Amino acid sequence: MTMPNSYANILGDKIKEAREKASLTREGLAKQACLSVRQLEQIEGGGDTCFYSAAIKLASAKRIANILGMVDEEYLER
């Protein structure tokens, strides 16, 4: 499945940096956000096979960013 470009681009490297700065493992953060580790890996590193749609991936990234205390401008490229 290919994600349409009508949604903001998720800057996964920024999310990963914030997670590491907060000393959180992928497993720990995924559990807090009710996501699988594989979904978090795809948010941080790209890919879309674990998401039904671009909207769900974006909502998941927003949930992760909220846990990390990030604002949209820090992890989204429009």
Side-chain angles (χ1 to χ4, degrees):
M1 168 180 16
T2 302
M3 296 289 190
N5 290 331
S6 60
Y7 292 95
N9 184 36
I10 299 166
L11 302 173
D13 57 328
K14 300 295 185 185
I15 291 174
K16 182 179 179 181
E17 287 174 16
R19 174 182 59 79
E20 290 173 345
K21 185 176 180 182
S23 299
L24 291 170
T25 64
R26 281 185 174 154
E27 293 79 9
L29 183 55
K31 185 175 181 178
Q32 285 184 42
C34 298
L35 296 172
S36 72
V37 173
R38 185 72 184 126
Q39 287 174 310
L40 179 55
E41 287 173 353
Q42 289 190 352
I43 289 170
E44 289 183 351
D48 57 21
T49 58
C50 292
F51 296 96
Y52 290 113
S53 70
I56 292 172
K57 183 176 181 180
L58 181 60
S60 298
K62 286 184 178 207
R63 189 173 336 131
I64 292 286
N66 187 39
I67 291 168
L68 295 171
M70 301 175 81
V71 296
D72 288 354
E73 293 78 24
E74 293 177 304
Y75 71 96
L76 292 178
E77 178 182 78
R78 296 185 191 255

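The basis for the numbers below is simple: all heavy atoms, side chains too, and nothing from hydrogens, waters or symmetry mates. Because the structure is predicted, anything quoted here is derived from the model rather than measured.
- Side-chain heavy atoms closer than 4.5 Å link hydrophobic residues (I, L, V, M, F, W, Y) into clusters, and following such links, even through other members, never connects L29 to V71.
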Would you give me the side-chain donor-acceptor pairs under 3.5 Å for residues 15-22, sequence neighbours excluded?
{"residue": "R19", "atom": "NE", "partner": "E44", "partner atom": "OE2", "Å": "2.6"}
{"residue": "R19", "atom": "NH1", "partner": "L24", "partner atom": "O", "Å": "3.0"}
{"residue": "R19", "atom": "NH2", "partner": "E44", "partner atom": "OE1", "Å": "3.2"}

What donor-acceptor contacts under 3.5 angstrom involve side-chain atoms of residues 30-39, with partners at least two apart or in another chain?
{"residue": "S36", "atom": "OG", "partner": "Q39", "partner atom": "N", "Å": "3.0"}
{"residue": "S36", "atom": "OG", "partner": "Q39", "partner atom": "OE1", "Å": "3.4"}
{"residue": "R38", "atom": "NH1", "partner": "E41", "partner atom": "OE1", "Å": "3.2"}
{"residue": "Q39", "atom": "OE1", "partner": "S36", "partner atom": "N", "Å": "2.9"}
{"residue": "Q39", "atom": "NE2", "partner": "C50", "partner atom": "O", "Å": "3.2"}

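- In this structure D72 satisfies the side-chain hydrogen bond (donor to acceptor under 3.5 Å, both in side chains) test together with Y75, sequence neighbours excluded.
- The closest donor-acceptor contact from the side chain of Q42 to the backbone of T49 lies under 3.5 Å.
- Panel note: side chain K57, backbone Y52; no donor-acceptor pair is recorded below 3.5 Å.
- T25 is linked by a side-chain contact (heavy atoms from CB on, under 4.5 Å) to E27, counting only residues two or more places apart in sequence or in another chain.
- Under the 4.5 Å side-chain criterion, counting only non-hydrogen atoms from C-beta, L11 is not in contact with L76.
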